[in-house]
Amino acid sequence: METTMKAYAILGLLVLSNFAGDVSALSVTVNDVECVYEYVLYEGDTVSGNFVVVDHDIFWSSDHPGIDFIVSSPGGNVVQTMKGTSGEKFEFKAPQSGMYKFCFHNPYSTPETVSFYIHVGHIPNEHDLAKDEHLDPVNVKIAELREALESVTAEQKYLKARDARHRHTNESTHKRVIFYTIAEYILLAVASGLQVVYIRRLFSKSVAYNRV
Amino acid sequence: MATKLAWRAVIVFIWWCVITTTTQAIWLDLPNSGTKCVSEDIHNNVVVLADYSVINNQEDSHLHPGATISVKVTSPYGNNLHHKENTTHGQFAFTTTESGNYLACFWVDGNHRPGDRLTVSLEWRVGIAAKDWESVAKKEKIEGVEFELTKLEGAVEAIHENLIYLKTREVEMRQVSEKTNARVAWFSIMSLGVCIGASALQVWYLKRFFHKKKLI
């Protein structure tokens with residue numbers, strides 16, 4: 001009888017210590033459609049994450065039209081849709097357990113690099129506690145603390161991706177300033193040189209004779 | 001009888017925990033031709049652990065029993081960190097020596113019927129997520145609540161390190177911004193000077209030219 005209780009206690013502890021996983025902030029190049037799949041263990045888990053479009057090689061306009069982001073549940077329903085965005089955070093409660101599909105759609109011809117982060121978090125609730133009397137409420141609090149820390153880490157990854165995009169724009173501005181200014185000086189010198197040559201030709205002897 | 005059942009349930013659950021912990025990974029669809037690459041910007045001196053395996057879709061597992069993929073992992077300066085051909089699963093681990101974009105590329109090998117869809121399961125752990133907590137627990141002989149709190153302490157330290165790293169990146173970017181700002185001002189004023197100088201030179205040269213031609 002005692003060993004049965006011990007077995008169930010270990011089982012309970014294992015349930016709580018096996019927290020649902022997450023993936024590091026990976027970047028993927030989206031040409032047309034890129035889909036990433038992540039498995040959600042329990043129904044009711046909070047799936048959170050963010051994505052940022054990093055490569056923004058737009059020449060003239062200041063803002064990219066953005067990409068579309070669609071999350072589908074294992075049953076085929078669309079859980080979340082974000083259209084025309086260049087970076088967003090998302091969070092939803094999983095309606096069922098199974099394989100969720102996270103898709104990025106690029107409606108334009110230039111390939112974009114998207115950096116994304118997905119985290120599936122599980123907090124044992126009163127139902128799990130009621131099932132096994134040996135589960136400590138401390139474990140619930142620890143799980144909540146872990147989820148709070150994971151959300152801070154997720155924000156940091158989002159900040160890092162945004163910082164990478166900002167740095168990309170900054171370095172592009174720096175290069176443009178130097179290149180375009182030097183090109184402008186050279187073109188100015190060439191234009192004024194061409195003006196002088198043209199005026200000289202207007203007053204050259206051969207032309208003057210023709211005028212006479 | 002009940003004890004045996006309970007212990008068997010524990011063993012099954014441990015097995016399930018191991019399976020699900022190792023399969024908490026993302027799945028990627030591999031195109032029939034061309035490569036699929038994932039990358040991450042990692043800074044110096046960070047442990048990277050990755051595990052990849054080909055997933056057989058249940059419906060057409062009988063269609064491509066010999067489907068294999070090839071993997072190549074490169075560092076930001078182009079060094080080859082891991083290269084494997086004709087494989088269905090594998091893993092690699094390294095500690096970063098350069099700061100930059102690390103690229104892992106997958107492609108389908110030639111001996112594969114077109115039309116089938118290959119899915120690769122990739123588990124990519126960087127930094128604190130790659131830490132081997134089991135060995136820490138064994139070494140320090142901690143378990144239960146103390147072990148969970150030690151893991152949380154590690155997570156908090158990782159957050160702190162990340163914040164410091166973000167701060168240094170922001171410092172570099174601010175320096176570039178301020179340099180660009182100063183340069184815009186200087187180059188605009190200089191462009192005005194170049195314009196005035198060029199037109200003055202033009203006027204002086206044309207005056208000299210017309211003087212020589214005895215026109216003025």
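All values derive from a computational prediction rather than experimental measurement. The sequence lines fix the lettering, A, B, ..., with proteins before strands; numbering per chain opens at 1.
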Does [X] [atom1] have over 12 foreign heavy atoms under 6.0 Å away?
{"X": "B:His89", "atom1": "NE2", "answer": "no"}
{"X": "A:Glu144", "atom1": "CD", "answer": "yes"}
{"X": "B:Glu143", "atom1": "CD", "answer": "no"}
{"X": "B:Trp133", "atom1": "CH2", "answer": "yes"}

Which one wins on heavy-atom pair count under 4.5 Å against chain A: [options]?
{"options": "B:Ser188, B:Ser177, B:Ala104", "value": "B:Ser177"}
{"options": "B:Ile159, B:Val38, B:Leu103, B:Val126", "value": "B:Ile159"}
{"options": "B:Leu201, B:Asp41, B:Thr180, B:Val184", "value": "B:Thr180"}
{"options": "B:Leu28, B:Leu163, B:Val156, B:Asn181", "value": "B:Leu163"}

* Side chain B:Gln202, main chain A:Ser192, donor-acceptor under 3.5 Å ->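 Looks like yes, one N/O pair under 3.5 Å.
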
* B:Ser191 backbone acceptor or donor facing A:Tyr185 side chain under 3.5 Å ->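 Confirmed, A:Tyr185 side chain pairs with B:Ser191 backbone.
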
* To do: Answer with side chain, backbone, both or neither: which region of A:Ile182 has an atom nearer than 4.5 Å to a non-hydrogen atom of chain B?
  =>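 When you check distances to chain B, no heavy atom of A:Ile182 falls under 4.5 Å.
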
* Identify which part of A:Glu184 has an atom lying under 4.5 Å from any heavy atom of chain B, answering side chain, backbone, both or neither. => side chain

Less than 4.5 Å to any heavy atom of chain A: does that hold for the side chain of [X], its backbone, both, or neither?
{"X": "B:Phe147", "answer": "neither"}
{"X": "B:Tyr165", "answer": "side chain"}
{"X": "B:Tyr205", "answer": "side chain"}

* Which residue out of A:Glu171, A:Lys101, A:Glu34 racks up the most heavy-atom pairs below 4.5 Å with chain B? ->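 Of the options given, most contacts go to A:Glu34.
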
[X] and [Y]: which non-hydrogen atoms are nearest, and at how many Å?
{"X": "A:Val28", "Y": "B:Cys37", "answer": "CG2-O, 3.7 Å"}
{"X": "A:Phe203", "Y": "B:Lys213", "answer": "O-CE, 4.5 Å"}
{"X": "A:Val177", "Y": "B:Phe187", "answer": "CG1-CD1, 3.9 Å"}
{"X": "A:Arg167", "Y": "B:Arg169", "answer": "NH2-O, 3.5 Å"}

Gap separating the [atom1] atom of [X] from the [atom2] atom of [Y], nearest 0.5 angstrom:
{"X": "B:Glu148", "Y": "A:Asn139", "atom1": "CD", "atom2": "CG", "result": "7.5 Å"}
{"X": "B:Ile55", "Y": "A:Met99", "atom1": "CD1", "atom2": "CE", "result": "7.0 Å"}
{"X": "B:Met173", "Y": "A:Thr169", "atom1": "CE", "atom2": "OG1", "result": "9.0 Å"}
{"X": "B:Asn162", "Y": "A:Lys157", "atom1": "CG", "atom2": "NZ", "result": "6.5 Å"}
{"X": "B:Lys151", "Y": "A:Arg146", "atom1": "NZ", "atom2": "CZ", "result": "6.0 Å"}
{"X": "A:Thr181", "Y": "B:Arg183", "atom1": "OG1", "atom2": "CZ", "result": "9.5 Å"}

* To do: Please test A:Leu188 against B:Cys195 for side chain to side chain contact (heavy atoms under 4.5 Å, CB included), starting from the C-alpha separation and ending with a verdict.
  => CA-CA 7 Å; A:Leu188 200 70; B:Cys195 203; 4.0 Å; yes

* To do: If the plane angle is over 60° it's perpendicular, under 30° parallel, otherwise tilted; pick one for B:Trp27 and A:Tyr37.
  =>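 If you compare the ring of B:Trp27 with that of A:Tyr37, the planes turn out tilted.
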
* To do: For the pair A:Ile199 and B:Phe210, evaluate side chain to side chain contact (heavy atoms under 4.5 Å, CB included) and give the outcome as yes or no after the intermediate values.
  => CA-CA 10 Å; A:Ile199 291 177; B:Phe210 289 144; 4.1 Å; yes

